[in-house]
Each structure stands twice: as C-alpha cells, then as structure tokens.
Amino acid sequence: MNNTDIARLLDRMADLLEIDDANPFRVRAYRGAAQTIRAQSRGMADRVAQDEDLSKLPGIGRDIAAKIRTIVETGHLPQLEKLEERVPTELSDMMRIEGLGAKRVKTLYRELGVRSIDDLRRAARAGRIRALPGFGDKTEHTIMKRVDAWSGQAPRMLIAEVEETARRLLAHLKRADGVKRLVVAGSYRRRRETVGDLDILATARKDSDVIQRFTDFDDVGEVVSHGSTRSTVHLESGLQVDLRVVPEVSYGAALHYFTGSKAHNIALRKMAQKRDLKINEYGVYKGKKRITGRTEDEIYKQFGLAYIEPELRENRGEIEAAREGRLPELIGVADIRGDLHMHTTATDGRDSLKDMAEAAAERGYEYIAITDHSRRLTVVNGLDEKRLRKQIEGIERLNERLRNIEILTGIEVDILEDGSLDLPDDVLKALDLRVCSIHSKFRLSRKKQTERVLRAMDNPYFNIFAHPTGRLINKRDAYDIDIERVIEGAKNNGCFLEVNAQPDRLDLNDDACRMARDLGVKVAISTDAHSVANLDYMRFGVDQARRGWLEAGDVINTRSLTALKRLLART
Ligand code: DGT
Ligand code: CA
Ligand code: CA
Ligand code: ZN
C-alpha cells in the first residue's frame with residue numbers, strides 16, 4: 001500500500017459517506033486526510049513501521065490515524081467494506097464524472113436505481129435522466145459525453161500520483177546486484193502533467209538480477225513480459241512500468257531514446273539521416289561503427305546542438321533553438337522567492353495564518369501572500385469586508401514578530417458574472433495584492449466568459465488571474481475562454497496570469513505559458529496551498545513553466561519584494 005492507494009481508500013470512504021448522508025465534517029475529514037497523504041513525500045507505511053504518531057500530520061485526527069494504520073497493516077479498511085454493503089462502491093467512481101457530485105449521484109441511485117457507470121450510460125441513452133428534478137436535457141447530454149470519454153482508456157495518471165511509486169521502485173532496484181545507473185525516462189522525465197506509463201532505464205552488468213528484482217517488486221500485480229534486457233509489469237494501482245537494461249556505453253543514447261518524446265526523437269533521426277548517420281537506443285552510428293552514445297550531451301553535440309532539457313523535448317521548436325543558440329535558460333525551483341496564493345483556516349485552508357507563514361519561512365521564502373476566498377464563496381466561509389480587515393490586522397501583527405519573511409495581505413476575489421469583483425474597491429485597495437478568479441458560471445459562451453475577465457481586468461486592483469482556464473485534469477474541462485485575448489488583456493492592463501501548481505490544475509498549462517511569454521506577459525507560479533503540506537506543490541508549477549519555456553525573468557515571484565511590489569502597483 002503506497003500513499004496513493006491509501007489516499008484512494010480514504011477518498012472512497014468520503015464519497016460513500018457523503019452519498020450516505022453522513023455528517024459533512026466527517027466527510028471533509030476523510031477528504032482532508034487523503035489530500036494530506038497525497039502531498040507527503042514519505043510513505044505512510046514507512047511512518048507506521050517507525051511507529052510514528054500519524055495524528056501529528058496536518059488534518060489527520062486520532063481516529064483517521066488509527067484507520068491509516070489499519071490500512072497499512074492489513075491492506076483493508078473494515079469501515080469502508082461495511083459501508084460498501086449498503087452503498088454501491090461504483091457510486092464513488094460516478095462522482096468522478098464532471099457534473100455529478102454526491103447529491104446527483106444519490107438522486108440517480110434512489111430515483112433510477114443507477115448503481116454503476118454502465119447503468120448510468122443506459123439511463124442517459126434512454127432519456128430517463130432529463131426528467132429528474134435538477135437535471136434537464138443539457139445535463140443528460142453532458143453526462144452521456146462524459147461517460148463515453150470515461151469508459152475509453154484508463155485515465156493517464158497525474159505525475160504527482162506516481163512520484164512516490166517511482167521513488168520506491170528505484171530504491172528497490174538500487175539494491176540489485178551489478179546495477180549502476182537507474183533513471184525514470186519517458187514523459188515522467190519530461191515532467192508532463194500526466195503519464196501513460198513509467199519507463200525505467202538501468203545500466204547493469206550482464207549477470208545482474210535487476211530484472212528479477214523488478215518483477216518481484218511488492219506492488220506488481222501482473223508481469224506482462226520478462227526478458228533478459230527488458231520487462232513490463234502492471235502494478236496493482238493499474239500503472240504500467242517498462243524496464244530496459246542497456247550496457248553502460250549506450251547509456252546516453254538509451255536515455256535520450258526513452259526520454260522522447262517520440263516527435264523529438266523522430267526529428268533528430270531525420271537530422272541523422274541527412275548526415276548519413278543512424279541513431280537508435282544504442283548509440284549514433286556511422287555505418288556499423290558507433291561514434292557516440294555515452295551521454296546525452298555528446299549526442300546533441302554530434303548534431304551541432306546545445307543540450308536540450310527534457311521538458312523542452314516535444315518538437316516544438318527546441319531543435320532549431322538549440323542549433324541557433326537561443327534555448328531559454330529555464331527557471332528552477334531555487335529561483336522562486338515567494339508564494340503568492342494560499343488559504344488559511346479563515347476560509348477553506350487547514351492551517352492557520354501563523355503556521356502557513358512559518359512553514360513558508362522554513363522553505364526559505366522571502367515573502368508570501370495570504371489570499372483567502374471572498375464573500376461570494378459562502379460554502380467556504382468567504383471573507384466579507386469586516387473579516388478581511390481583521391485578517392489584515394492579524395497579518396500586520398504577525399509581520400512585526402516574524403523577522404525573516406514578509407507576509408503580504410491579499411485576497412482571492414471572485415470575478416462575478418458581470419466582470420465586477422466580489423469586494424468593493426476601497427477594501428481591495430487596502431491590500432498588497434489581489435488574486436482574481438472564476439468559481440461560478442463556468443458555462444458562459446466563449447465571448448461572454450472572455451469579456452467577463454477582460455472587464456474585470458479594467459479594475460485597477462486586478463493583479464493576478466488565478467487558474468485561468470478552470471480545468472481539473474481528468475475531472476473537469478477548461479471553461480470556454482479565449483486565452484490569447486486574456487493574455488493580451490493582461491498585457492494592456494499590467495496584470496499577470498497564474499500558473500497554479502496544484503497537480504490536478506497546472507493552469508496555465510505549458511502551451512499557454514509559452515503563449516504568455518511570446519506575448520510578453522509575466523506569470524506568477526503559486527501553489528494555492530490549502531495546507532502547509534501543499535506548499536511543496538511549487539515544483540509541479542515550476543515543471544509546467546519549464547515545459548512552457550519560461551525563464552526566471554518571466555515569473556514575478558522570482559523578484560525581490562521591492563521589485564514585486566512595483567509590478568503589483570500597475571503603474
Ligand atoms: P506516456 O507514457 O504516454 O506518458 O509518454 P512517453 O513519452 O513516456 O511514451 P512511451 O512510454 O510510449 O515511450 C517512451 C519513450 O520511448 C518515448 O517518449 C520515445 C520512445 N519511443 C517510443 N516509441 C517510439 C517510436 O516509435 N519511435 C521513436 N523514435 N521513439 C519511440
Ligand atoms: Ca511512458
Ligand atoms: Ca512506455
Ligand atoms: Zn485559491
């Protein structure tokens with residue numbers, strides 16, 4: 001049981017409890033615990049083995065700590081199994097479909113007897129859903145579309161979801177005899193937001209038992225193939241993992257080949273053909289003679305190219321740029337000086353203002369902005385003017401005490417349907433920074449949605465447009481918006497766009513980052529942390545920015561506090 005599996009069980013528990021009309025606090029406790037566990041870099045199994053007190057982790061109480069222990073020790077959660085006798089498990093999968101929360105799933109179950117995704121498809125086809133209260137034609141149609149998308153392929157997994165598995169698997173393989181190098185290549189190394197499978201590359205002595213060790217890994221559900229230099233397995237989580245073992249002299253060529261992307265490889269192969277060379281996973285060849293292949297650097301040099309970072313290898317112009325010496329100098333996590341979007345217990349965050357600030361200081365940040373939700377979001381107890389003013393005072397007091405970090409006062413203010421902001425200008429004015437975002441009316445036409453945001457940007461206090469497309473990877477599509485016009489609007493008004501670093505948002509995505517850079521608009525990479533642990537999501541946002549060719553200079557939270565404040569003043 002790794003962290004992802006444990007978090008899944010807890011999420012499932014939360015879903016079924018919610019459908020079962022359990023106390024909302026209990027539901028939220030399970031969801032919160034799942035979120036905490038996903039954000040941990042260390043395995044729960046390891047913590048349990050060390051007999052650590054799990055209830056010390058944020059958002060995990062005694063009760064859930066005990067349940068995690070049970071899961072780790074037995075692989076089961078008895079309370080979940082009991083609940084599943086009453087509430088069909090597949091209802092939890094149904095809740096993952098866009099537009100179907102607990103309430104609707106419950107209605108479908110009670111009114112139409114829909115217990116599975118197959119049932120759901122049949123009900124939608126038969127036109128039985130539109131008649132239900134609160135559904136309608138449009139909803140039925142959307143459900144049908146979603147169900148079809150859902151039942152196709154197993155969804156690609158979020159990169160954040162597979163990291164722990166990758167780490168444990170490498171640690172396991174490292175102990176094989178005669179292995180030298182071990183690396184995860186493929187889309188994982190290119191830091192794509194999701195991965196189809198993991199591609200592990202090893203160099204090892206001929207007599208190494210690394211393949212045997214691979215197929216013996218604890219999480220393996222099925223060994224698909226097992227040869228002398230390669231093997232493929234399916235893990236119990238459904239994730240496929242490929243292992244390739246190559247000799248040391250081929251390491252660079254193999255790493256390059258298996259890192260991909262395929263499109264990048266093909267482009268390089270074309271260059272090779274022009275020079276009468278051949279390139280494959282063993283090296284670069286002239287006739288039968290291998291001329292290079294030990295390192296990636298060497299290979300690029302062979303073709304007159306500067307080294308290309310994995311994040312850029314998508315055949316989106318990186319080869320030309322490498323030839324002409326105009327590759328970007330990509331931003332790194334170390335360039336980030338502060339985090340400009342986070343929540344506290346004042347709204348839907350799980351940790352206090354003070355805890356968030358101290359955790360940020362521990363991470364070496366020079367500044368952060370506290371940006372709780374505005375009043376319109378009543379479900380999370382959004383701040384009205386009075387409570388916001390009180391928070392500002394709290395921040396001022398804390399700033400007097402904290403020496404090594406500056407806390408900026410801020411808000412995540414809702415952009416209302418008509419493009420106005422959810423709080424009056426004179427309160428917004430009192431803040432250091434305003435993050436603006438859309439949390440309602442996702443279905444406006446492209447024109448209306450775009451104009452809504454452009455109108456909002458006319459407000460002189462609009463600083464950063466947060467999670468600009470609203471997508472949730474594998475869960476919810478982006479709302480329809482003309483992102484190019486939005487970027488132009490930001491440029492004209494001195495506003496910025498966010499790269500939200502939540503692993504299921506990564507919004508702006510890589511292409512949009514690139515567009516922002518090309519149009520001369522800077523971004524803020526922010527975690528939108530709802531807990532101390534979430535602050536560690538920063539690197540996922542940085543990865544996405546790197547895939548979008550961004551340099552430190554393109555990102556406002558790499559600036560000194562003074563320079564940042566100047567940028568926020570919109571003058
Ligand atoms: P994924 O797994 O869908 O997230 O994406 P990748 O890029 O990891 O793709 P995968 O696992 O199918 O293959 C790993 C790498 O192997 C890929 O990035 C490039 C290389 N590769 C795979 N198939 C081909 C091919 O037909 N031609 C070339 N040149 N390279 C290939
Ligand atoms: Ca792959
Ligand atoms: Ca693969
Ligand atoms: Zn937020």
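Scope of the values below: all heavy atoms of this structure, side chains included, with no hydrogens, waters or symmetry mates. When a ligand or atom number is given, it counts from 1 through the structure's own listing order.
Here is the list of ligand 1 atoms found below 4.0 Å of a heavy atom in Ser261: 18 (O). Of all atoms in ligand 1, numbered sequentially from 1 with element shown, those under 4.0 Å from a heavy atom of Gly186 are 8 (O). Residue Val195 has at least one heavy-atom neighbour below 4.0 Å for each of these atoms of ligand 1: 4 (O).
When only non-hydrogen protein atoms are considered, atom 3 (O) of ligand 1 lies nearest to Arg156 NH1, 3.0 Å. With hydrogens left out, the protein atom closest to atom 12 (O) of ligand 1 is Asp197 OD1, 5.0 Å, a heavy atom. Scanning all protein heavy atoms for the shortest distance to atom 24 (C) of ligand 1 gives Tyr257 OH, 3.7 Å. The nearest heavy-atom contact from the protein to atom 7 (O) of ligand 1 is Arg190 NH1, 2.9 Å. At the top of the distance list for atom 6 (P) of ligand 1, counting protein heavy atoms only, stands Ser187 N, 3.7 Å. The nearest heavy-atom contact from the protein to atom 15 (C) of ligand 1 is Phe258 O, 3.3 Å. For atom 18 (O) of ligand 1, the closest non-hydrogen atom on the protein side is Gly260 CA, 3.2 Å. Closest to atom 9 (O) of ligand 1 among all protein heavy atoms lies Asp199 OD2, 4.6 Å.
Remark: Lys522 fails to qualify as a cation-pi partner of Phe496 under the 6.0 Å distance and 45° angle criteria applied to the six-membered ring.
Ion pairing of Glu163 with Arg191 is present here, as a side-chain N (NZ or NE/NH1/NH2) and a carboxylate O approach within less than 4.0 Å. Glu193 has a carboxylate O that lies under 4.0 Å from a charged side-chain N of Arg471, or vice versa, which qualifies the two as a salt bridge. Salt-bridge annotation for Arg189 and Glu296: present, with a side-chain N of the basic residue lying under 4.0 Å from a carboxylate O of the acidic one. We find that Glu412 and Arg434 are not joined by a salt bridge, their nearest charged nitrogen and carboxylate oxygen being 4.0 Å or further apart. Residues Asp510 and Arg192 are not paired through a salt bridge, judged by the lack of any N-O separation under 4.0 Å between the basic side chain and the carboxylate. With respect to Glu318 and Arg313, no salt bridge is recorded, no charged nitrogen being found less than 4.0 Å from a carboxylate O.
Of the candidates Lys262, Met157, Gln240, Glu314, Lys262 brings a heavy atom nearest to atom 25 (C) of ligand 1.
Heavy atoms of other residues, nucleotides or ligands lying less than 6.0 angstrom from CZ of Arg376 number 12 at most.
None of Asp197, Asp199, Thr232 except one satisfies the side-chain hydrogen bond (donor to acceptor under 3.5 Å, both in side chains) rule with Gln240; the exception is Asp197.
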Q: Evaluate the criterion side chain to side chain contact (heavy atoms under 4.5 Å, CB included) for residue pair Arg570 and Phe462; output intermediate values, then yes/no.
A: CA-CA 9 Å; Arg570 278 186 61 163; Phe462 189 119; 3.5 Å; yes

**Q.** Candidate pair Asp528 and His343, rule side chain to side chain contact (heavy atoms under 4.5 Å, CB included), full reasoning
**A.** CA-CA 7 Å; Asp528 194 357; His343 299 267; 3.0 Å; yes

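As for Glu412, its N/O/S atom nearest the Zn ion (ligand 4) is the one called OE1. The Zn ion (ligand 4) lies closest to atom OD1 when only the N/O/S atoms of Asp528 are considered.
Checked by distance only, ligand 1 and Arg192 stay at 3.5 Å or farther apart across all their nitrogen or oxygen atoms. Polar contact with ligand 1: absent for Asp242 (N/O pair, distance under 3.5 Å). Considering backbone and side-chain N/O of Gly196, one or more are found under 3.5 Å from N/O of ligand 1. Residue contacts with ligand 1: Arg269 is placed with a nitrogen or oxygen under 3.5 Å of a nitrogen or oxygen of the ligand (distance criterion only).
Note: His226 and Phe214 fail the aromatic proximity criterion, with ring centroids not under 6.0 Å apart. For His256 and His264, the distance between ring centers is under 6.0 angstrom.
Rounded to 10°, the angle formed at the Ca ion (ligand 2) by O of Asp197 and OD2 of Asp199 is 100°.
Among the atoms of His373, none of the N, O or S atoms falls under 2.8 Å from the Zn ion (ligand 4). Taking 2.8 Å as the criterion, His343 counts as a coordinating residue of the Zn ion (ligand 4), since one of its N, O or S atoms falls below it.
In this structure, Thr259 has a heavy atom closer than 4.0 Å to ligand 1.
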